[in-house]
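The structure appears right after this line, and notes come after that.
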Amino acid sequence: MIRIPSALVFFVCAAMVGATATVAQQRPRLVVLCSVDQLATWVHALGEPFYAEDGGFRRLADAGVTFANCAYEHACTETGPGHATIGTGAPASLHGIVKNNWWDRDLKKVIYCVGEPAAALPDLPEGGNRGPGRLLVPTLATSMKAHIPGCKVASISWKDRSAILMAGRDSDLTAWFEVTTGNLVSNSQWVEQTPVWLTQFNKQRAIDSFFGKSWDRTGPKAAYVGLRDDRPWENLHYNGSRQRTLPQAMTGGGTAIAAPYYTQVYGSPFGNTIVRKAAQAAVLGMQLGKDAATDLLCVSFSATDAVGHYWGPHSVEARDALMRLDRDLGELFRFFDAEVGAGQWAMFLTADHGVAPSPESSLRNGGSGGRGPIDAWVKSSVEAALRQEFGLPTSGKFYVERVGENAVYLNALAIGPKRHAALRTAAKAAKRVHAVMSAYPTEEVRGDFQHSDPFRRALAHGLSNQRGGDVQYILQPYWLNGATPASHGTPHSYDREVVALAIGPGIPQGVQLATSITPGFGAVLLAKMLRIPKPSAAHEKVPAGFFGMR
């Protein structure tokens with residue numbers, strides 16, 4: 001593989017501007033935005049030596065370009081914000097999806113990032129009340145629909161927020177899986193009736209084919225060396241076995257297929273396999289890539305996230321899920337070759353966020369870390385500090401309305417005219433919690449994109465309008481809120497730095513670039529390839545001469 005220092009990338013590109021015009025004229029029939037949920041750069045690097053020769057990751061590296069420095073600008077490294085960035089090319093401060101959930105002061109309830117009124121389809125009642133209305137800026141799909149007559153767009157994932165936010169409003173069909181039934185579902189936001197191909201896909205019950213099968217190690221033995229397959233902080237498998245090891249039977253703990261089985265599928269590599277099959281069904285059913293009008297497929301593989309949360313990124317389960325995903329990607333690419341045509345499709349693959357090692361893993365390796373009910377600690381510290389500073393709140397109210405997802409929401413009525421002083425007091429109190437590295441009043445960091453402190457810059461890129469709380473706090477490295485074996489959501493490098501690879505006509509082959517990009521670069525890159533305007537809120541640029549660079 002050729003490795004080009006970032007300082008040389010732009011020099012090489014600029015020298016080749018005149019040589020790339022004919023290469024750039026190639027326009028693929030299908031472009032793909034692909035997200036692997038929770039694939040941190042460091043996790044990918046550990047798995048890379050063991051990928052299959054005919055797997056997807058090897059093909060992306062050998063026949064495409066690897067972006068070695070891809071990181072989110074925003075601090076809110078969660079699924080909703082990440083997929084919105086991938087689709088729009090913008091950070092959370094612009095696209096508005098600042099968390100998976102946030103507190104609405106007027107409604108006095110938690111708002112889900114894709115929760116909104118939407119009529120369910122008659123035959124898929126479980127798919128109602130999800131939509132893209134909280135996304136504030138256009139996606140790549142918007143630009144393609146506006147500038148490519150006849151363009152079709154499909155978005156597929158296990159998670160609703162992943163599928164919805166990658167494509168946004170301008171998808172012809174957005175679909176996700178529901179664990180209650182195992183169905184691939186959509187709603188009236190996109191279609192008036194269930195497409196025939198989707199109905200057929202659900203009737204075939206491909207998802208049920210894993211029932212009774214064994215999840216065992218499938219990668220080379222070397223892939224699991226050094227990994228311990230029974231760590232006390234891991235979750236038990238979701239089949240009633242009361243075990244934390246492989247192999248495990250895919251039963252959901254029952255003798256018949258039911259919702260617990262679908263939950264187990266989601267938290268296994270088979271969840272990614274069924275998403276791959278659904279994406280292929282969408283390509284066939286919607287005839288994507290079959291004519292001169294370039295189509296867009298968005299696909300997000302969610303099971304890697306579930307497995308990482310349940311057992312941790314250093315687990316045998318997570319490593320095996322990555323090995324299996326590599327094979328699924330290989331299958332998907334061969335499918336594109338056969339159905340769309342080799343050289344007629346392009347893909348940008350990235351991740352919605354990274355992940356931290358389990359705190360226990362960090363401690364065992366001589367590092368720092370810890371876990372606990374950090375939200376509760378912060379809430380208690382802030383409430384006590386405000387009462388000491390300002391006395392009891394009026395009418396028996398609490399000063400703290402909610403703490404969640406690294407943000408404190410204060411009760412505006414209880415604070416009254418003391419708001420600015422209260423914010424400073426709350427931030428200082430949050431920082432006194434031993435698991436918290438720093439804390440800031442939101443109004444002090446909002447819009448401060450040029451601050452010398454990279455953490456404050458990341459917080460600024462994660463704040464939009466009035467969404468996201470009054471005080472933002474950052475956890476100490478390798479600290480985790482709650483009992484989940486592993487998680488993400490911070491501006492630390494392990495959460496922000498993710499994979500980024502691209503393949504397609506005119507894309508450099510076997511090249512690794514050190515140029516810094518964000519996961520939103522894919523929307524810009526594919527728009528440039530198609531010679532259409534990039535999404536309006538995207539700010540990155542494709543270097544001159546990039547296409548055809550060797």
How about His492 and Phe455: are their ring centres within less than 6.0 Å of each other?
-> yes

Residue pair Thr180 / Glu126, side-chain donor-acceptor N/O under 3.5 Å | no

CG of Leu530 to CG of Leu296, rounded to nearest 0.5 Å, is 9.0 Å

Rounded to the nearest 0.5 Å, what separation is found between the NZ atom of Lys145 and the CG atom of Asp295?
-> 8.0 Å

Geometric class of the Trp176/Trp190 ring pair [parallel <30°, tilted 30-60°, perpendicular >60°] = perpendicular

Indicate whether the side chain of Ser157 and that of Ser302 have a donor and an acceptor atom separated by less than 3.5 Å.
-> yes

May I have the step-by-step check of side-chain hydrogen bond (donor to acceptor under 3.5 Å, both in side chains) for Gln189 and Glu116, ending in yes or no?
-> CA-CA 10 Å; Gln189 290 271 5; Glu116 62 181 85; 2.9 Å; yes

Taking the six-membered ring for Trp, are His309 and His488 parallel (under 30°), tilted (30 to 60°) or perpendicular (over 60°)?
-> tilted

Quick one: CE on Met347 to CZ on Phe333, what's the gap to the nearest 0.5 Å?
-> 4.0 Å

With a cut-off of 6.0 Å (strictly less than), are more than 12 heavy atoms of other residues, nucleotides or ligands near CD of Gln193?
-> no

Pair Tyr112, Arg161: side-chain N/O donor-acceptor within cut-off below 3.5 Å = yes

If you measure only the distance, is there a donor-acceptor pair under 3.5 Å linking the side chains of Ser93 and His74?
-> no

After noting the C-alpha distance and the side-chain angles of Thr273 and Asp328, does the key distance pass the side-chain hydrogen bond (donor to acceptor under 3.5 Å, both in side chains) rule?
-> CA-CA 6 Å; Thr273 300; Asp328 273 313; 2.8 Å; yes

Return the minimal non-hydrogen interatomic distance between Ser155 and Ala163, and the atom names on each side.
-> OG-O, 2.7 Å

Please say which of Asn100, Asp495, Asn101 ends up in a side-chain contact (heavy atoms from CB on, under 4.5 Å) with Glu78.
-> Asn100

Could you tell me whether Tyr266 and Trp158 have their ring centroids closer than 6.0 angstrom?
-> yes

Are Asp352 and Thr79 close enough that a side-chain donor and a side-chain acceptor fall under 3.5 Å?
-> yes

Audit row: Arg105, Glu401, salt bridge (Lys or Arg N to Asp or Glu O under 4.0 Å) steps and yes/no = CA-CA 9 Å; Arg105 298 185 189 284; Glu401 204 164 54; 3.7 Å; yes

Answer with yes or no whether the side chains of Thr142 and Asp170 bring together a donor and an acceptor at under 3.5 Å.
-> yes

Looking only at heavy atoms, which two atoms of Ala460 and Phe449 are closest? And how far apart?
-> O-CE2, 3.4 Å

Ser171 versus Thr174, side-chain donor and acceptor atoms under 3.5 Å | yes

Which one of Thr139, Thr85, Thr88 satisfies the side chain to side chain donor-acceptor pair (under 3.5 Å) criterion with His95?
-> Thr85

To the nearest 0.5 Å, how far apart are CD in Glu317 and OG in Ser268?
-> 11.0 Å

